[in-house]
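Beneath this line is the structure, given in structure tokens, with notes to follow.
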Amino acid sequence: MTAELLDGRATATTIREEVKAGVEQLEAEHDVVPGLATVLVGENPASQSYVSMKERQCEQAEMRAFGRHLPEDISQADLTAEIAALNADPKVHGILVQLPLPDHLDEDETLAAIALEKDVDGFHPVNIARLTLQGVEPTFAPCMPLGCVELLDRYNVGIKGKEAVVLGPSNIVGLPTAMLLLHRGATLNICHPHTEDLPGISKRADILVAAIDEPAMVKGDWVKPGAAVIDVGWSRVKDETAEKGYRVMGNVDFDEVKEIAGYVTPVPGGTGPMTIAMLLQNTLLSAERRAGLVD
């Protein structure tokens, strides 16, 4: 048996097309154009690349992109003031602060400065806290975890009543993904580096999410036949035969797991493309809420 690919690239393309159609309808019927503000502090090359990609896809979806590139040595007070100005701007429906920030800045304080209704990246402390409460919905959920669940939905992988195992309790991916699955009725097991018998626990999972920092750690014998496997990992592994001298690998040994699982995400091309797609979807949702079209 060869697993069906949970194709993040194709799914993200579909979502971006849906978002673009929603943007066009919102402008035509209500004269509202969704706007996304990206806040980049400093000159980190990876962060610059990520922000450029987000702004480019925002414009392709016919949204407005408001870029704020701030100096590396900006003070916490001045950064908070920049965010306050974006909170007050009616043309801005979503605000994303690119992480990591320079060491002298407080990430928690910075994220908490974003207005809840504009926290389209889903990392405001209140939104994260709401994920942990039954019967309470966050204004927005973090985009990569949201993309993981969206992939399952788009491929009609059932969640309710299934056993889900999340490997890695990170604040950015593992824990939010676990909480989203729990809200959808999954029976949940969250594992960490001290968990005993990781292979045995993993093999019980109907839905296995690998959000650890170890290339190809999850082997075929870790996987229940027919399970859905979501690989959130992304590592550069030295490979002298590759053109760039390295190849990209996830947390899952793809060649082994694809022969056991029912569904599996590739790396690259799985959860990564879904992240920006969900950011655009959240920004459109924020604009629709502002227009009074949805709750």
Side-chain angles (χ1 to χ4, degrees), residues 8-41 50-70 79-99 110-128 130-131 136-147 149-151 153-154 176 180 183 273-295:
R9 283 200 181 102
T11 305
T13 297
T14 298
I15 292 171
R16 290 196 302 270
E17 291 170 351
E18 294 169 355
V19 168
K20 182 177 179 180
V23 169
E24 292 171 346
Q25 182 177 0
L26 189 60
E27 182 177 16
E29 297 180 2
H30 301 278
D31 197 28
V32 174
V33 179
L36 174 66
T38 54
V39 179
L40 173 64
V41 181
Y50 294 147
V51 167
S52 294
M53 189 183 308
K54 291 165 185 174
E55 291 176 347
R56 186 166 60 252
Q57 291 195 20
C58 181
E59 292 169 349
Q60 289 171 353
E62 299 189 7
M63 295 182 176
R64 292 193 178 107
F66 300 92
R68 296 290 184 272
H69 191 175
L70 306 175
L79 176 57
T80 301
E82 290 279 352
I83 293 171
L86 294 172
N87 286 337
D89 188 340
K91 294 181 181 179
V92 174
H93 300 92
I95 301 170
L96 178 146
V97 176
Q98 183 64 45
L99 302 178
T110 300
L111 295 174
I114 301 171
L116 274 179
E117 66 273 15
K118 296 189 179 185
D119 177 39
V120 292
D121 209 24
F123 284 121
H124 191 290
V126 171
N127 277 328
I128 294 297
R130 286 176 175 173
L131 275 177
V136 179
E137 293 291 332
T139 309
F140 296 101
C143 294
M144 180 170 280
L146 195 61
V149 175
E150 185 75 12
L151 268 177
D153 285 343
R154 296 270 174 159
L180 288 174
H183 279 289
M274 293 294 294
T275 304
I276 299 179
M278 302 316 295
L279 175 68
L280 299 180
Q281 188 177 86
N282 278 351
T283 303
L284 173 60
L285 175 59
S286 178
E288 290 172 337
R289 285 172 174 163
R290 178 79 64 82
L293 300 177
V294 295
D295 295 330

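Computed over heavy atoms, backbone and side chain alike; hydrogens, waters and symmetry mates excluded.
- Side chain of Ser286 to backbone of Asn282: no donor-acceptor contact under 3.5 angstrom is found.
- The distance from atom CG of Leu285 to atom OG1 of Thr139, rounded to the nearest 0.5 Å, is 10.0 Å.
- Rounded to the nearest 0.5 angstrom, Glu288 CD and Thr283 OG1 are separated by 11.0 Å.
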Table please: side-chain donor-acceptor pairs of residues 111-123 below 3.5 Å, with sequence neighbours left out.
residue : atom : partner : partner atom : Å
Lys118  : NZ   : Leu86   : O            : 2.8
Lys118  : NZ   : Asn87   : O            : 2.8
Lys118  : NZ   : Asp89   : O            : 2.8
Lys118  : NZ   : Val92   : O            : 2.9
Asp119  : OD1  : Gly122  : N            : 3.4
Asp119  : OD1  : Phe123  : N            : 3.4
Asp119  : OD2  : Phe123  : N            : 3.3
Asp119  : OD2  : His124  : N            : 2.9
Asp119  : OD2  : Asn127  : ND2          : 2.6

How far apart are the C-alpha atoms of Leu279 and Lys54, what are their side-chain angles, what is the distance that settles it, and do they pass the side-chain contact (heavy atoms from CB on, under 4.5 Å) test? CA-CA 9 Å; Leu279 175 68; Lys54 291 165 185 174; 4.1 Å; yes

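- A distance-only check finds no donor-acceptor pair linking the side chain of His69 to the backbone of Leu40 [under 3.5 Å].
- A 6.0 Å sphere centred on OH of Tyr50 holds no more than 12 heavy atoms belonging to other residues, nucleotides or ligands.
- Using a 4.5 Å cut-off on side-chain heavy atoms (C-beta onward), Ile15 and Leu280 make no contact.
- Under the rule for a side-chain hydrogen bond (donor to acceptor under 3.5 Å, both in side chains), Arg68 has no partner lying at least two apart in sequence or in another chain.
- Inter-residue side-chain proximity for Arg290 and Pro90 is flagged as met; some heavy-atom pair is nearer than 4.5 Å.
- How far OG1 of Thr14 is from CD of Glu150: 10.5 Å, rounded to the nearest 0.5 Å.
- What you find for Val136 and His183 is that their closest heavy atoms are O-CE1, 3.7 Å.
- Contact of the Cys143 side chain with the Ile276 side chain is not registered, since no non-hydrogen atoms from C-beta on lie closer than 4.5 Å.
- The minimum heavy-atom distance between Arg289 and Phe140, with the atom names listed, is NH1-CZ, 3.3 Å.
- In this structure, OG1 in Thr38 is found 8.5 Å from CD in Gln98, a value given to the nearest 0.5 Å.
- Here the NZ-CZ distance, from Lys91 to Arg64, works out to 5.5 Å after rounding to the nearest 0.5 Å.
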Anything under 3.5 Å between a donor and an acceptor, one on a side chain of residues 19-33, the other on a protein residue two or more places apart or in another chain? List them.
residue : atom : partner : partner atom : Å
Gln25   : NE2  : Glu29   : OE2          : 3.3

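- Side chains of Val41 and Thr110 form no contact here, defined as non-hydrogen atoms less than 4.5 Å apart.
- Minimum heavy-atom separation, Glu55 to Ala65: O-CB, 4.2 Å.
- Nearest heavy atom pair, residue Leu131 against residue Pro138, reads CD2-CG, 3.8 Å.
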